[in-house]
Amino acid sequence: MNVVRYSMIMAAFVVGWLGLASAASAATFRTCIKWEVQTADSGRQIPYGPNAGATEDRYPTADQGVIASAVGVRIRIQGSGFDQTFDTEPNTGCVTWSDTDGKTYSVRVYAYQTDAAGNYVRMHTHTTNCSSYPGSTYSALLTGYNPTAGGTNYLYVGDYVPYWTGQAMVGYGLYRYHGPLQNKAIHVSRDTASDCYDSAHYGNSNGYITSGRHCIRLSDCGTKQRINMKFVANHELGHAMAALHYGSKSGASNGGEPNADPSWSGPVDQNRCLNGGSGYDITDVEYNSIGFREGFAHFYSARVFNDKSTEGAFNWMNHPWGAQDLERYDWGQGTSSGGELENICCNASPCRTGNGIIGDWLRFFWDWYTNQSTSCPYQPDGDDMLELYAQTRLEGNLQKNNYFGKMQDGAQNLPLPACLKGARFDAYAAHNGIDNE
């Protein structure tokens, strides 16, 4: 102990006496990365009802261009005799580092962001493959960087280009809602092919969820460009995060939601409710397997951009009528029990049985998440919501039209008060019209 103490004192003395200039050249720097973001779906207003005019809470003005912190982004700093890679702090987008003062550096910023739990989301060049590390990670190189010793410098990346906006928004989604996940990998393909599309359900994208890996695609081609739509990007991220949480459970299996079927087309009262067998939309009548799957991904995206409140807005594909109200169906004006399915689309039981509307499922998840009840004053948190998804899939024997009953049973396995997973759960299901089986 005495030897160590003596050595430290002598070292300090020698530096103080002989090496003032050398000591002065050692410096600490703080570098913060900022995204230059411009979305294409922010700030759409709820058109009708008591909350008309309301928008989402987070980045509502981003269509005009905003600056966002690049939280957890991977960077490589290079200078003479210096070459180090860092992940910026997952809540600030900054990193503190040390080197000799007076150098000029280059900084490469990668489309790769991680959170405090070791999960990461990265954007890459491969379209269809979901191998262990598909494609090449997009990056931007900044040169001529002269950091301020002892100070903080800000570097700006993205130039408001759509795919950098997409990366910024999924990185933000990971930061806002990673839930209980740890050390999971989400690989985001920038899909520029002529038939490009957005999906978390293609090829083997769900083939490795028990190994902690998922792949999604975001479209960046012509009129199909949606990579800069923040709600779309986080919808696909929501699919991946929910599947990965399920995949971490004992008894989970690789693959998408069993028997999820978007092909149904049946009797409806209004053309706006008709699926037509060519896909699915937020106001179409679907099998409830699609209502569960897509409604949960919508919920994830809605939670990223809305604070926890009974009121909130969700914009899907820039519908010409405006944003969805998270509390009321029919674009904010519907308050009757039964949701859009029972009040607008289906007045006959053959249309209702085993079916649902994605928007009604979204509102159910939001209502339960923001539960308001004097007799049952509890609310699920984000972890509980992901666990609800997982427990539903773990019930097994899922068919295209029995997902509500399976979810109702799965809810009983959650560590929540009985009133919340019983009476309140059932009340919100009936109010939003998702309990038709």
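In this chain, numbering begins with 1 at the start of the sequence shown.
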For this session: Would you indicate whether Cys273 and Cys346 have their SG atoms under 2.5 Å apart?
Result: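 No disulfide here.
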For this session: Compare the SG-SG distance of Cys32 and Cys94 against 2.5 Å and report whether it is shorter.
Result: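 Yes, because the SG atoms of Cys32 and Cys94 sit under 2.5 Å apart, which meets the disulfide cut-off.
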Under 6.0 Å from the six-membered ring centre of [Y] and within 45° of its axis: does the NZ or CZ of [X] meet both?
X: Arg424; Y: Tyr428; value: yes
X: Arg303; Y: Tyr369; value: no
X: Lys230; Y: Tyr172; value: no

For this session: Check whether the ring centres of Tyr300 and Phe365 lie less than 6.0 Å apart, and answer yes or no.
Result: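 No: the rings miss the under 6.0 Å criterion.
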Problem set entry | is_close_aromatic(His201, His239), centroid dist under 6.0 Å |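 Judged by ring-centre distance (under 6.0 Å), His201 and His239 do meet the cut-off.
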For this session: Evaluate side-chain contact (heavy atoms from CB on, under 4.5 Å) for Asn402 paired with Leu398, printing each intermediate quantity in order.
Result: CA-CA 6 Å; Asn402 73 348; Leu398 288 157; 4.3 Å; yes
Heavy-atom distance under 4.5 Å between the side chains of [X] and [Y], does that happen here?
X: Arg44; Y: Asp63; result: yes
X: Thr353; Y: Glu437; result: no
X: Ser106; Y: Leu141; result: yes
X: Thr165; Y: Pro162; result: no
X: Trp316; Y: His235; result: yes
X: Ile75; Y: Tyr110; result: no
X: Val285; Y: Ile357; result: yes
X: Glu257; Y: Tyr403; result: yes

Side chain of [X], backbone of [Y]: donor and acceptor closer than 3.5 Å?
X: Ser189; Y: His126; answer: yes
X: Asp325; Y: Ile46; answer: no
X: Thr55; Y: Pro60; answer: no
X: Asn432; Y: Ala429; answer: no
X: Glu36; Y: Asp159; answer: yes
X: Gln412; Y: Gln408; answer: yes

Side-chain donor-acceptor pair under 3.5 Å between [X] and [Y], yes or no?
X: Ser219; Y: Asp198; value: yes
X: Asn129; Y: Ser131; value: yes
X: His431; Y: Asp367; value: no
X: Ser69; Y: Lys34; value: yes
X: Thr210; Y: Asn254; value: yes

For this session: Check the pair Tyr138 / Tyr112 against ring pair (Phe, Tyr, Trp, His ring centres under 6.0 Å), numbers first and verdict last.
Result: CA-CA 8 Å; Tyr138 284 98; Tyr112 181 115; over 10 Å; no
For this session: Inspect the surroundings of OH in Tyr378 and state if more than 12 heavy atoms from other residues, nucleotides or ligands are less than 6.0 Å away.
Result: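 It does not: Tyr378 OH has 12 such atoms or fewer within range.
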For this session: Look at atom CZ of Phe29 and say whether more than 12 heavy atoms of other residues, nucleotides or ligands are closer to it than 6.0 Å.
Result: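 Yes, enclosed.
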Mind telling me whether [Y] and [X] have parallel, tilted or perpendicular rings, with 30° and 60° as the class edges?
X: His124; Y: His187; answer: perpendicular
X: Phe82; Y: Trp97; answer: tilted
X: His319; Y: Trp331; answer: tilted
X: Phe364; Y: Trp361; answer: perpendicular

Less than 4.0 angstrom from a charged side-chain N to a carboxylate O is my criterion; do [X] and [Y] meet it?
X: Asp360; Y: Arg363; value: yes
X: Asp83; Y: Arg76; value: yes
X: Arg30; Y: Glu89; value: yes
X: Asp307; Y: Arg58; value: yes
X: Glu286; Y: Arg293; value: no

For this session: Decide side-chain hydrogen bond (donor to acceptor under 3.5 Å, both in side chains) for Thr310 and Thr370; before the verdict, give the C-alpha distance in whole Å, the side-chain angles of both, and the deciding distance to 0.1 Å.
Result: CA-CA 6 Å; Thr310 55; Thr370 61; 5.9 Å; no
For this session: Any chance you could measure Ile434, atom CD1, to Ile358, atom CD1, to the nearest 0.5 Å?
Result: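 The CD1 atom of Ile434 sits 13.0 Å away from the CD1 atom of Ile358.
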For this session: Taking all non-hydrogen atoms of both residues into account, name the closest pair between Gln379 and Gln372 and its distance.
Result: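 Heavy-atom minimum between the residues: NE2-NE2, 3.3 Å.
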Exercise. Which atom pair, heavy atoms only, marks the closest approach of Gln167 to Arg122?
Worked result: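 The pair with the smallest heavy-atom distance is OE1-C, 3.8 Å.
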Problem set entry | Test ring pair (Phe, Tyr, Trp, His ring centres under 6.0 Å) applied to Phe305 and Tyr177, Phe231, Phe299, Phe314, the passing residue |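 So the option named by the test is Phe231.
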For this session: Could you go through the side-chain hydrogen bond (donor to acceptor under 3.5 Å, both in side chains) check for Tyr105 and Asp99 one step at a time?
Result: CA-CA 11 Å; Tyr105 300 85; Asp99 192 23; 2.6 Å; yes
